[in-house]
K.L.:
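Before I ask anything, let me first share the structure, which is written out below as structure tokens.
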Amino acid sequence: MAAPSQETPSIESGRNPSVFIFDLLTTLADTSEVFRLSTASGKQSDGKAWQDRIVHETSQAGAYVPYETLIKRTAASIGIATSGPLPFDGGWTGVQEVPGARKLLQRLNDGRGEHRLGAFSNSSSRVGDGVAAKVAPGMLDAVITAEGCGFYEPRAEAYQACLKAMKVDATAAVFVVSNAEDFMSAKNSGMAAILYRDLEEQFVSVMARL
């Protein structure tokens, strides 16, 4: 996947953002274990393949289709045999924090109220709310979901729903993503965008200007 253009706005382009919105299921939460636990094989490779496929399917869906329907469809499409409850049906066992995510959220909102934090979940509201409570308990001002707004990311309507929920103009928001495709889609919505792996470095620059 191509790297973002050097001309693409980022949080170093002169903006002092007041809101950071994270792609919940790719930048804050690691759910690969959830999918592994629902495979008949129990293999990590099968769980990862299933997780990757659901991420792809949601990004292609556009208008909201029940997340649970997509989970079942993706397993069948790649030949994954399931066992026990489907992912997330058995609770939040296996949901893990992306290493360093909670620490980063704490730094972004250190009690001074300078930043508000939100997350968008390309999923049902039940899954989005449950995963957010597991990996970022009490740390997010809003959790927006594909089910709640009627569209999956990267549809423009999903980004507009985030801005509405956070009560912020696009020029004051940064969307944190995990891949170049979502990076460009968030940018096209008017927000600044940044890849999660670059946030720590650029965060230092932002804080120096506040």
K.L.:
What closest approach, in Å, do Leu28 and Ala119 show between heavy atoms, and which atom pair accounts for it?
P.N.:
CD1-CB, 4.4 Å

K.L.:
For side-chain contact (heavy atoms from CB on, under 4.5 Å), just list the numbers for Asp23 and Glu153, CA-CA rounded to whole Å, side-chain angles, deciding distance to a tenth of an Å, and then say yes or no.
P.N.:
CA-CA 9 Å; Asp23 186 314; Glu153 184 191 359; 2.8 Å; yes

K.L.:
Could you walk me through whether Met191 and Ile21 pass the side-chain contact (heavy atoms from CB on, under 4.5 Å) test, one step at a time?
P.N.:
CA-CA 10 Å; Met191 289 185 279; Ile21 304 167; 4.2 Å; yes

K.L.:
Under 3.5 Å, is there a donor-acceptor pair linking the side chains of Thr31 and Gln51?
P.N.:
yes

K.L.:
Side-chain contact, heavy-atom cut-off 4.5 Å: Val55 with Asn179?
P.N.:
no

K.L.:
Could you tell me whether the side chains of Tyr67 and Glu147 share a donor-acceptor contact shorter than 3.5 Å?
P.N.:
no

K.L.:
Let me check something: do Ile78 and Val34 share a hydrophobic cluster, defined by ILVMFWY side-chain heavy atoms less than 4.5 Å apart, either directly or through other members?
P.N.:
yes

K.L.:
Hydrogens and angles aside, do Thr145 and Ser125 bring a side-chain donor and acceptor to less than 3.5 Å of each other?
P.N.:
yes

K.L.:
Are the side chain of Arg116 and the backbone of Phe20 linked by a donor-acceptor contact shorter than 3.5 Å?
P.N.:
no

K.L.:
Could you tell me the separation between the CG atom of Leu70 and the CD atom of Glu68, rounded to the nearest 0.5 Å?
P.N.:
9.0 Å

K.L.:
Would you find a donor on one side and an acceptor on the other, under 3.5 Å apart, between the side chain of His115 and the backbone of Val19?
P.N.:
no

K.L.:
What distance separates Leu24 CG from Leu140 CG, expressed to the nearest 0.5 Å?
P.N.:
7.5 Å

K.L.:
Decide yes or no on side-chain contact (heavy atoms from CB on, under 4.5 Å) for Leu37 and Thr93, but give the supporting numbers first.
P.N.:
CA-CA 9 Å; Leu37 290 171; Thr93 300; 4.1 Å; yes

K.L.:
Report yes or no: do Met166 and Val177 belong to one cluster of Ile/Leu/Val/Met/Phe/Trp/Tyr joined by side chain heavy-atom distances under 4.5 Å?
P.N.:
yes

K.L.:
Between Ser185 and Asp182, do the side chains contain a donor N or O and an acceptor N or O under 3.5 Å apart?
P.N.:
no

K.L.:
Keeping the roles fixed (side chain from Asp30, backbone from Ser32), state whether a donor-acceptor pair exists under 3.5 Å.
P.N.:
yes

K.L.:
Indicate yes or no: at least one non-hydrogen side-chain atom of Glu157 is less than 4.5 angstrom from one of Gln160.
P.N.:
no

K.L.:
Between the side chain of Arg102 and the main-chain N/O of Val135, is any donor-acceptor distance below 3.5 Å?
P.N.:
yes

K.L.:
Less than 4.0 Å between a side-chain N and a carboxylate O, is that true for Glu57 and Arg53?
P.N.:
yes

K.L.:
Measure the CD-CG distance between Glu97 and Leu105 for me, rounded to the nearest 0.5 Å.
P.N.:
8.0 Å

K.L.:
Between Arg126 and Asp89, does the salt bridge (charged side-chain N to carboxylate O under 4.0 Å, His left out) criterion hold? Intermediate values first, please.
P.N.:
CA-CA 10 Å; Arg126 183 184 69 85; Asp89 281 356; 3.4 Å; yes

K.L.:
Can you tell whether the side chains of Lys167 and Asp141 come within less than 4.0 Å, N to carboxylate O?
P.N.:
no

K.L.:
Once the angle between the rings of Phe88 and Phe35 is folded into 0 to 90°, is it parallel (under 30°), tilted (30 to 60°) or perpendicular (over 60°)?
P.N.:
perpendicular

K.L.:
Hey, does Tyr159 have a side-chain heavy atom less than 4.5 Å from the side chain of Pro154?
P.N.:
yes

K.L.:
Measuring from atom OG1 of Thr39 to atom CG of Asp46, what distance do you get when rounded to the nearest 0.5 angstrom?
P.N.:
5.5 Å

K.L.:
Considering all heavy atoms of both residues, which atom of Ser178 and which atom of Thr27 are nearest to each other, and what is their separation?
P.N.:
N-CG2, 3.9 Å

K.L.:
Could you tell me which non-hydrogen atom of Phe183 sits nearest to which non-hydrogen atom of Ile194, and how far apart they are?
P.N.:
CE1-CA, 3.6 Å

K.L.:
Under a 3.5 Å cutoff, is there a donor and acceptor pairing between the side chains of Thr74 and Trp50?
P.N.:
yes

K.L.:
Please work out which of the three classes, parallel, tilted or perpendicular, describes the rings of Phe175 and Phe120, given edges at 30° and 60°.
P.N.:
tilted

K.L.:
Under a 4.5 Å cut-off applied to non-hydrogen side-chain atoms, are Leu25 and Val131 in contact?
P.N.:
yes

K.L.:
Determine, stepwise, if the pair Thr82 / Ser38 fulfils side-chain contact (heavy atoms from CB on, under 4.5 Å).
P.N.:
CA-CA 6 Å; Thr82 63; Ser38 292; 5.5 Å; no

K.L.:
Counting the benzene-type ring for Trp, do Tyr64 and Tyr152 have ring centres under 6.0 Å apart?
P.N.:
yes

K.L.:
Gly90 and Pro85: which non-hydrogen atoms are nearest, and at how many Å?
P.N.:
N-CB, 3.9 Å

K.L.:
Can you find a heavy atom in the side chain of Ile71 that is under 4.5 Å from one in the side chain of Ile54?
P.N.:
yes

K.L.:
When clusters are formed by joining ILVMFWY residues with side-chain heavy atoms under 4.5 Å apart, either directly or through shared neighbours, do Met139 and Val95 land in the same one?
P.N.:
yes

K.L.:
Does Lys134 use its side chain to pair, donor to acceptor, with the backbone of Trp92 at less than 3.5 Å?
P.N.:
yes

K.L.:
Do Lys43 and Arg36 have side chains that get closer than 4.5 Å, going by heavy atoms?
P.N.:
no

K.L.:
Could you measure the distance from the CD1 atom of Ile144 to the OG atom of Ser121? Nearest 0.5 Å is fine.
P.N.:
10.0 Å

